[in-house]
Amino acid sequence: MAVSLKNIATILFVCSILVPFASARRHKDDHGRSKLHVGFYDIPCPQAEKIVEEVVAEAVSGDNTVPAGLIRLFFHDCFVNGCDASILLETTPSGEQTEKDSSANGRTLHGLEVIHKAKARIEEVCPSIVSCADILAYAARDSVMHAGLPYYSVVAGRRDGLISRATDIKGNLPSPNATVSEAFSIFEKKGMTLEEMVVLTGAHSIGVSHCSTIASRLHNNSASHGRVSAMDASYAGYLKSKCPAGMSPEDMSQAIVPFDRNNQFKLDNGYYQQLERREGLLHFDQAMVDDDGARPIVRRMAKQPKTWSTKFVKAMQHLGKIDVLTGIMGEIRYDCRAVNFESYNSLQWLKVPPAQT
């Protein structure tokens, strides 16, 4: 039977429509929700990853502390109610204090402007398509690369959260003065192993901490009673020169100390070698050497740089999948700083009532 050119054209047109839908169906779970997958924006916004890469590169060229800030931002977002960009919200319909403004974050956050700039550029070419949560995941990956580790693929398809509460931080972010068991209990709740905890903590090979965070270790304040892990005397002297006991609380909160005084901009396994020399900046870092479970992992990572870098990348990929919103959950924000107008109106019932006088 002869087939007309018109019929062939019709068949080809229908197939061209069905192929994307078939591809999308392969990335659905049993409940019809979109799964995270690599190349999520290949069709609706193929420029997305490239734009984030360019914005991060621009930021790093002017400030080499950006990678550490973005990696920390990603971790703090994912560990508090999942990777939903809730840490970027400056206000929510409930009127509660947000994660961003909590004492655990506050002015210590670095790299927020990079995410906002990337989002603005993407909105110009692909409005209302790419989530802030995915932009943050891409930016964290690019930061890892700028800090010296290899490129790795990032799954996408995360949606942005509608709620951000400072009160949710407690019990979800390990304290700098936490014991290993306390910190691991938090990681375990997120579905992460002890090895992943030790490996991810290797991110402390870059970046800085504030003197106010380590003051209790240096000056034997009551806050650290029973939790002062042994520190190399020479290293302690170095830290005390940076954070002297006579500093005012305001100065303590402003003064910074690098995690690695020799190379604070390169992600490497030198962090673990420092721990073996008892040069861990935070109590929690140093405590891993004294923990029966963590110590063998620390020693292995100190001796095997390639093993650590491979495991670090895999742990970052796992981190990015924690408690994500997908499908029709959450939203795609127009601006990472605030929930969309429609969502804001529909969530007004969450608003916290004023205190009674």
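None of these values were measured; they are calculated from a predicted model. No hydrogens, no waters, no symmetry mates; every other heavy atom, side chains included, goes into these values.
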Task: Side-chain donor/acceptor of D168 to backbone N/O of V80, under 3.5 Å - done: no
TODO: Considering only NZ, NE, NH1 and NH2 on the basic side and carboxylate oxygens on the acidic side, decide whether R277 and D232 come within less than 4.0 Å.
DONE: no
- [ ] Could you tell me whether R141 and E49 make a salt bridge, using a distance below 4.0 angstrom between a side-chain N and a carboxylate O?
- [x] yes
TODO: Could you tell me whether the side chain of E331 and the main chain of N340 form a donor-acceptor pair under 3.5 Å?
DONE: yes
Task: Qualifying residues under side chain to side chain contact (heavy atoms under 4.5 Å, CB included), relative to V289, sequence neighbours excluded - done: L275, R278, Q286, V298
- [ ] Kindly say whether G327 contributes a backbone atom to a donor-acceptor pair with the side chain of R159 at under 3.5 angstrom?
- [x] yes
- [ ] Among Ile, Leu, Val, Met, Phe, Trp and Tyr joined by side-chain contacts under 4.5 Å, find the other residues sharing a cluster with I332 and list them by chain and number.
- [x] none
Open item on the list: So, using side-chain hydrogen bond (donor to acceptor under 3.5 Å, both in side chains) as the criterion, who are the partners of Y138 when residues are at least two apart?
Closed with: none
Open item on the list: Any carboxylate oxygen within less than 4.0 angstrom of a Lys/Arg side-chain nitrogen, looking at D335 and R337?
Closed with: yes
- [ ] Only counting residues at least two apart or in another chain, list the ones meeting salt bridge (charged side-chain N to carboxylate O under 4.0 Å, His left out) with E250.
- [x] R107
Task: Pairs where residues 249-282 contributes a residue and the test disulfide (SG to SG under 2.5 Å) is met, not counting sequence neighbours - done: none
TODO: Name all residues meeting the side-chain hydrogen bond (donor to acceptor under 3.5 Å, both in side chains) criterion together with Y152; count only those two or more places apart in sequence or in a different chain, and write none if there are none.
DONE: none
Open item on the list: Test of understanding: with ring pair (Phe, Tyr, Trp, His ring centres under 6.0 Å), list the residues that count as partners of Y41, not counting sequence neighbours.
Closed with: none
In residues 55-71, what donor-acceptor pairs under 3.5 Å come from side-chain atoms, sequence neighbours left out?
from : atom 1 : to   : atom 2 : distance (Å)
E58  : OE1    : K117 : NZ     : 3.4
E58  : OE1    : R121 : NH2    : 2.8
E58  : OE2    : R121 : NH1    : 3.1
E58  : OE2    : R121 : NH2    : 3.4
S61  : OG     : E58  : O      : 2.6
D63  : OD1    : T65  : N      : 3.0
D63  : OD1    : T65  : OG1    : 2.6
D63  : OD2    : T65  : OG1    : 3.2
D63  : OD2    : H110 : NE2    : 3.1
T65  : OG1    : H110 : NE2    : 2.9

Task: salt bridge (charged side-chain N to carboxylate O under 4.0 Å, His left out) involving E123 - partner list, sequence neighbours excluded - done: K119
- [ ] Measure from the side-chain N and O atoms of H37 to the backbone N and O of K35, and report whether any donor-acceptor pair falls under 3.5 Å.
- [x] yes
Task: Pairs meeting criterion disulfide (SG to SG under 2.5 Å) with involvement of residues 139-213, two or more places apart - done: C211-C243
- [ ] State plainly whether the residues K314 and E195 are in salt-bridge range, i.e. N to O under 4.0 Å.
- [x] no
TODO: Could you pull out all residues at least two apart from D323 that satisfy salt bridge (charged side-chain N to carboxylate O under 4.0 Å, His left out)?
DONE: none
Task: By salt bridge (charged side-chain N to carboxylate O under 4.0 Å, His left out) - contacts of R295 (at least two apart) - done: D292
- [ ] Check the side chains of R72 and T108 for a donor-acceptor pair under 3.5 angstrom, ignoring hydrogens and angles.
- [x] yes
